[in-house]
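Presented below is the structure to which this report refers.
Please read these numbers as outputs of a predicted model, since none were measured by experiment.
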Amino acid sequence: MPLFGGLVTMNLGQLLLSLAPIWFVLFGVTGVGFALACWQILRDAPRAEAFLREHPGDPAVSVPTGSR
């Protein structure tokens, strides 16, 4: 959430310096995008914790991928 707060503060400062309509659009689009991203992270965190509790010893890579 601090990242979102910093983004909002930065965009608000840009809006106050130049009140062109495109800044309002950019502020809205980026604000909504970051709010959705934060919501998805908070929504998926309990599911990720439950998965890691159920699979504590699984290796990160179980099959060689052939990449270097």
Donor-acceptor contacts, no H, no angles, side chain residues 25-42, under 3.5 Å, sequence neighbours left out:
{"from": "T30", "atom 1": "OG1", "to": "N11", "atom 2": "ND2", "distance (Å)": "3.1"}
{"from": "T30", "atom 1": "OG1", "to": "L26", "atom 2": "O", "distance (Å)": "2.7"}
{"from": "T30", "atom 1": "OG1", "to": "F27", "atom 2": "O", "distance (Å)": "3.3"}

Where at least one partner belongs to residues 5-17, residue pairs that pass salt bridge (Lys or Arg N to Asp or Glu O under 4.0 Å), sequence neighbours excluded:
none
Salt bridge (Lys or Arg N to Asp or Glu O under 4.0 Å) partners for R53, two or more places apart
none
